[in-house]
There are 2 protein chains.
Amino acid sequence: MVKIEEAIQQKEFKDPFNKAVVNLLYTHSYFVTNQNSLFKPYGISPEQYNVLRILRGQNGVPTTVSSIQDRMLNKMSNASRLVEKLKIKELVKRSECPNDRRQVDVLITEKGLKILAELQAKVEEENRNFIHLSSEEVNLLNDLLDKLRG
Amino acid sequence: MVKIEEAIQQKEFKDPFNKAVVNLLYTHSYFVTNQNSLFKPYGISPEQYNVLRILRGQNGVPTTVSSIQDRMLNKMSNASRLVEKLKIKELVKRSECPNDRRQVDVLITEKGLKILAELQAKVEEENRNFIHLSSEEVNLLNDLLDKLRG
DNA sequence: TACTTTTACATGTATATACATTAAATACAT
DNA sequence: ATGTATTTAATGTATATACATGTAAAAGTA
């Protein structure tokens, strides 16, 4: 086990809270580095994958850009531009919302569903293998993270 | 307490491991959003702050770009460009390493140390307040994150 | 010495985040 | 009905990540 002090060559932290912030940032980087290499062969980014997952979760019901934004992991990301990227790759369709012309309905295409299906098993297996914790420990981690955010 | 399912409006996860990945990504975003607003008034980014902290930790000993890179939280970030940004703001000095002309020695300036000193107390307090856990819980979280990475 | 490999840093390009602003449509108030 | 405020999405710009490539110096080798 590589403790965070060793990983970033920092001798000590002010207190466990400040250590936890650094530990979270570092662990996040550990994940996304892996995720990026996983998604790369499929030509989409982790963020684009996340948008596709949100759309599939709608089961065919069109989703507005703002609704995608609300469900994204990073609330500061830009759903509008991500949808544009996915549209270019023909993984989503965009159409004007009939009852409110400000809104834009987004739907995942067959091609998008196919890529998701191909990736899903791989991603899920990788996620399991990447977390070196027991089921009990990972449940505890989830509870702590939920509580942490208040 | 807002559980991750509620926060991103996802009913359920494949297993606690996949839930933990999402939970980590989401909690990371929760942190950096706050950190950004904290650093903004000082004209530096969280990543630039981290580089300054690394340099201060050297206690006046010059640090090469690659050494900074090794100590960064995100191993894929670009220390060379971050140092360049800090140099423009006169928060660091750069000089050719005398014994190896490939290397570049980086030193934090007085101005850089001053900004760090101003920010430190603020950042540390914010980090404590932002983690809604007891000391025991946050210690446990640190242990779980260290173990998670294997 | 001359040639090859490696190291250290810089740079180029695509993607994404962070945040401000714009533009159009809708809702609201008088 | 008209003017104002709000909502929705798109866009502009700066910063950073991700990854490939370039360039010069140093190290290693025949």
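So that the names make sense, note that chain A is the first sequence line, chain B the second, and so on, each numbered from 1. Only a predicted model underlies this, so the values are computations on that prediction, with no experimental measurement involved.
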Original post:
Got a second to check how far Glu47(B)'s CD is from Gln35(B)'s CD, nearest 0.5 Å?
Top reply: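 Taking CD in Glu47(B) and CD in Gln35(B), the distance rounds to 8.5 Å.
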**OP:** Measure the CZ-CG distance between Phe17(A) and Asn129(B) for me, rounded to the nearest 0.5 Å.
**Re:**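 Going from CZ on Phe17(A) over to CG on Asn129(B), the span is 9.5 Å.
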Original post:
Would you say the ring centroid of Tyr30(B) lies under 6.0 angstrom from that of Phe130(B)?
Top reply: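 Judged by ring-centre distance (under 6.0 Å), Tyr30(B) and Phe130(B) do meet the cut-off.
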Heavy-atom contacts under 4.0 Å between [range] and DNA chain C, which residues?
range                      : value
residues 86-102 of chain B : Arg94(B), Arg102(B)
residues 24-39 of chain B  : Val32(B), Asn36(B)
residues 60-78 of chain B  : Thr64(B), Val65(B), Ser66(B), Asn78(B)

Original post:
When Gln120(B) is tested against each of Arg56(B), Glu125(B), Arg53(B) for side-chain hydrogen bond (donor to acceptor under 3.5 Å, both in side chains), which residue passes?
Top reply: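 It is Arg56(B); the other options fail the test.
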Original post:
Could you state the NZ-C1' distance from Lys40(A) to dT13(C), rounded to the nearest angstrom?
Top reply: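 My rounded result for the distance is 11 Å.
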Subject >> N or O in side chain of Ser80(A) less than 4.0 angstrom from dA9(D) OP1/OP2 >> reply: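 The answer is no; no side-chain N or O of Ser80(A) sits under 4.0 Å from OP1 or OP2.
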Original post:
Got a sec: does the NZ of Lys87(B) have more than 12 other heavy atoms crowding it under 6.0 Å?
Top reply: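 For Lys87(B), atom NZ is not crowded (no more than 12 foreign heavy atoms under 6.0 Å).
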Subject >> Closest listed nucleotide, where the reference is the side chain of Arg81(A) and the choices are dA10(C), dT17(D), dG12(D) >> reply: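 For the Arg81(A) side chain, the nearest candidate turns out to be dG12(D).
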Original post:
Using a cut-off of 4.0 Å on non-hydrogen atoms, how would the nucleic acid contact of Glu84(B) be classed: base, sugar-phosphate, or nothing?
Top reply: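 No contact.
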